[in-house]
Amino acid sequence: NAGVTQTPKFRILKIGQSMTLQCTQDMNHNYMYWYRQDPGMGLKLIYYSVGAGITDKGEVPNGYNVSRSTTEDFPLRLELAAPSQTSVYFCASSSDRGLSGNTIYFGEGSWLTVV
Amino acid sequence: KQEVTQIPAALSVPEGENLVLNCSFTDSAIYNLQWFRQDPGKGLTSLLLIQSSQREQTSGRLNASLDKSSGRSTLYIAASQPGDSATYLCAVRRMDSSYKLIFGSGTRLLVRP
């Protein structure tokens, strides 16, 4: 069972470079999320999507962009990377808003360092 | 603004001990509260979810309680084992924006053999 798959696992970027973190899920979930986790901190929501073609900002969207062309894929693009974007990024998905008790599934994370 | 706090930040116990992890939140208007486990270099795995109308949930050696009025939740781990070593995070789902989970910063647990 693949679940939520993120690539790459590790990446080092230079300041000003751009890159895309890939996320795909095979559970036919409508809801997908991108979080970042800084050392010793909880997760903060960057962007989320409630279905193909629909995306919205979370708590910390600046410096990022997303798209959702299919149910399965939810890539996160970093434009003009800055040291403040050094973090661990997690993609997640769920079948609904999470009100009924259905759980949220996370990928294993992508470690990004901007130097 | 909803804030979630977890105390202690780190905890070390000998194997076999029963232990309690604490989570507090500032706004009682929540849909539910969820406890997650995070192993080093891995993603989060959901352990227990408590709806706002519930008082507790149990799964094996884990028991989570919720006191919404006081803004507190506890995760009780019975007969701890070295395999329980991980970071435990709690998260609340806000009632005013149901897509958003607000996470605490976690408690890093080490169970010593």
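The sequence lines fix the lettering, A, B, ..., with proteins before strands; numbering per chain opens at 1.
Taking a 6.0 Å sphere around CG of B:L110, one finds it holds more than 12 heavy atoms contributed by other residues, nucleotides or ligands. A:M41 CE: 12 or fewer foreign heavy atoms inside a 6.0 Å radius. By the neighbour-count criterion of 12 heavy atoms within 6.0 Å, atom NZ of A:K9 is densely surrounded, having more than that number from other residues, nucleotides or ligands. Crowding of B:R61 atom CZ: a count of heavy atoms from other residues, nucleotides or ligands under 6.0 Å exceeding 12.
The structure places CG of B:L44 at 14.0 Å from OH of A:Y105, a figure rounded to the nearest 0.5 Å. From A:Q37, atom CD reaches atom CG of B:L89 across 6.5 Å, with rounding to the nearest 0.5 Å. The distance from atom OG1 of A:T103 to atom CZ of B:F36, rounded to the nearest 0.5 Å, is 5.5 Å.
Contact between A:G40 and B:S105 at its shortest, heavy atoms only, is O-CB, 3.4 Å. Looking at every heavy atom in both residues, B:K42 comes nearest to A:W111 through N-CH2, 4.3 Å.
A:Q6 does not touch chain B: none of its heavy atoms, backbone or side chain, sits under 4.5 Å away. Contact of B:Q6 with chain A is not made at all, since no heavy-atom distance falls under 4.5 Å. For chain A, the nearby part of B:I102 is the side chain; its heavy atoms alone come within less than 4.5 Å.
Criterion: ILVMFWY side-chain heavy atoms under 4.5 Å apart, direct or through other members. Under it, A:I46 and A:V88 are not part of a common hydrophobic cluster. In the hydrophobic cluster analysis, where Ile, Leu, Val, Met, Phe, Trp and Tyr join through side-chain heavy atoms closer than 4.5 angstrom, A:V114 is grouped together with A:M19. Note: the hydrophobic cluster containing A:V4 does not contain A:I104 (ILVMFWY, side chain heavy atoms under 4.5 Å, direct or indirect links).
A heavy-atom distance below 4.5 Å is found between the side chains of A:Y35 and B:L101.
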